[in-house]
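Sequential numbering from 1 along the given sequence is applied to the chain's residues.
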Amino acid sequence: MAMSKPLDTLALAHLAAALAHEVRNPLNSIAIHADLLASRLRKAGLADPTAIERSIGSLGREVERIDRILGTYLDCVGPREFERQVLVVGDVVRAALERARPQAKEREIRLQSRITPAEARWTFDEAALCRVLDLLIENALDASSAGGTVTVRANVRGGRGTLDVTDEGEGIASEALSQVFLLGYSTREGRNGVGLTVVKQIIRGHGGSVTVQSDGPGKGATFRIELPLLAPDTSGAG
C-alpha cells in the first residue's frame, strides 16, 4: 500500500484557506438567520422576549468567536495580502483596551495606554492590527495577577513605529524567551501556543519585527513591535 506524501507548506496553506472558506459559509448563514429570528421575535410582540434575545445574542457571539478562531489558525499557515490604510494608532489601541476591559475588570487588572505623539498615524491593515493587539493584551492579562497593570505604549522613533505591551505578571525564564513565538509552544495549561505565532506572522507581513523582553520569573514581560512608517504624515499634524 503506497504511503501518501506529506503536504508541503503551499498545499497546506491552500487547504487551510479552503477549509476556512467552506466553514465560514454556513457560519454566515447562521448569523444571518439569528438576526432574522431576533427581528421576527420583536415584531411578534412577545410578552417577555428578553431571555430568547439573550440566547440569540449568545449564538451570534459564538459564531463570531468561531470565525476569529478560523482566522487565527489561517494566519498561522503563512503570509497573506493585507489591506493597508492610514490609521490613528491611538484610536486602535483605545478600542482594543475597551474590548479587553470586561475581562480585566473581572480579574482586577488595570489597563492603561501611553501614545506619543497623541495623533500618530501608522499605515497598517486595521483588522490585522486589532488582532495583534487583542492577542497581546489577552496574553498580558493571562500572565497577570489581581492588582497588576497592563500598559500599551505606542511611539514614533527614527522613522519607525514601536508598540509595547507590558505586564507586571509571571515573567518569562531566559531559556524560554527564544521559544515563545514558536507554533505550539505554551507554558500555560489549556493554551494552544498559536496566538504569538499569529502576531509574528502578521507583523512580518507588514515588514516589521516583534520581540519579547523579561527579567525573569515574576518580573513581568514586554512584547515590542517595530514597524516602518509608510504613511506620509506620522505626527497627525496638518
Going by salt bridge (Lys or Arg N to Asp or Glu O under 4.0 Å), name the residues that satisfy it together with Glu170, two or more places apart in sequence or in a different chain.
Arg188

Residue list, salt bridge (Lys or Arg N to Asp or Glu O under 4.0 Å) with Arg114, at least two apart or on another chain
none

Applying side chain to side chain donor-acceptor pair (under 3.5 Å), can you list everything that pairs with Ser214, at least two apart in sequence or on another chain?
none

Separation of Ile203 CD1 from Phe181 CZ (nearest 0.5 Å)
9.5 Å

Show the nearest heavy-atom pair for residues Thr123 and Val86, with the distance to one decimal.
OG1-CG2, 4.1 Å

What's the shortest heavy-atom distance between Val152 and Val93, and which atoms?
CG1-CG1, 3.7 Å

Keeping Asp125 on the side-chain end and Glu83 on the backbone end, is there a donor-acceptor pair under 3.5 Å?
yes

Exam field: side chain His206 to backbone Leu129, donor-acceptor pair closer than 3.5 Å
no

Residues pairing under ring pair (Phe, Tyr, Trp, His ring centres under 6.0 Å) where one sits in residues 126-145, two or more places apart or in two chains, turn out to be none

In Å and rounded to the nearest 0.5 Å, what is the CZ to CD distance from Arg131 to Gln201?
12.5 Å

Hey, any chance Val88 and Val132 share a hydrophobic cluster, counting ILVMFWY side chains that come within less than 4.5 Å of each other, even indirectly?
no

Does Gln85 CD have over 12 foreign heavy atoms under 6.0 Å away?
yes

Who pairs with Asp91 by side chain to side chain donor-acceptor pair (under 3.5 Å), at least two apart in sequence or on another chain?
Arg94

When you look at Leu136 and Leu196, which way does the side chain to side chain contact (heavy atoms under 4.5 Å, CB included) test go after all the steps?
CA-CA 8 Å; Leu136 289 180; Leu196 293 177; 3.8 Å; yes

For Ala100, the side-chain contact (heavy atoms from CB on, under 4.5 Å) test, sequence neighbours excluded, returns Leu111, Ile137, Leu141

Sorted by chain and number, sequence neighbours left out, side-chain contact (heavy atoms from CB on, under 4.5 Å) with Glu226 holds for Arg160, Thr162, Ser209, Arg224

Residue pairs, two or more places apart or on separate chains, that pass side-chain hydrogen bond (donor to acceptor under 3.5 Å, both in side chains) and touch residues 171-180
none

Give, for atom CD1 of Ile109 and atom CG of Asp142, the distance between the pair rounded to the nearest 0.5 Å.
8.5 Å

Decide side chain to side chain contact (heavy atoms under 4.5 Å, CB included) for Leu135 and Ile202; before the verdict, give the C-alpha distance in whole Å, the side-chain angles of both, and the deciding distance to 0.1 Å.
CA-CA 12 Å; Leu135 288 168; Ile202 290 174; 5.7 Å; no

Separation between CH2 of Trp122 and CG of Leu163, rounded to the nearest 0.5 Å
5.0 Å

Of the non-hydrogen atoms in Pro217 and Ala173, which two are nearest, and what is the gap between them?
CD-CA, 4.1 Å

Residues two or more places apart in sequence or in another chain: which of them pass side chain to side chain donor-acceptor pair (under 3.5 Å) with Ser144?
none

In Å, rounded to the nearest 0.5 Å, how long is the span from CZ of Phe223 to CG of Asp164?
11.5 Å

In terms of hydrophobic clustering (I, L, V, M, F, W, Y; side-chain heavy atoms under 4.5 Å; direct or indirect links), are Val212 and Val210 co-clustered?
yes

Among residues at least two apart in sequence or on other chains, which ones pass side chain to side chain donor-acceptor pair (under 3.5 Å) with Glu98?
Arg101

Partners passing side-chain contact (heavy atoms from CB on, under 4.5 Å) against Ala95 (at least two apart in sequence or in another chain):
Arg99

Minimum-distance pair of heavy atoms, taken over all atoms of Thr151 and Gln112:
OG1-NE2, 2.8 Å

Do Val165 and Leu97 share a hydrophobic cluster (ILVMFWY, side-chain heavy atoms under 4.5 Å, transitive)?
yes

d(Arg153 CZ, Thr166 OG1) to nearest 0.5 Å is 5.0 Å

Residue pairs fulfilling salt bridge (charged side-chain N to carboxylate O under 4.0 Å, His left out) with at least one residue in residues 194-216, sequence neighbours excluded:
none

When every non-hydrogen atom of Ile225 is compared with those of Leu227, the smallest separation belongs to CG2-CG, 3.8 Å

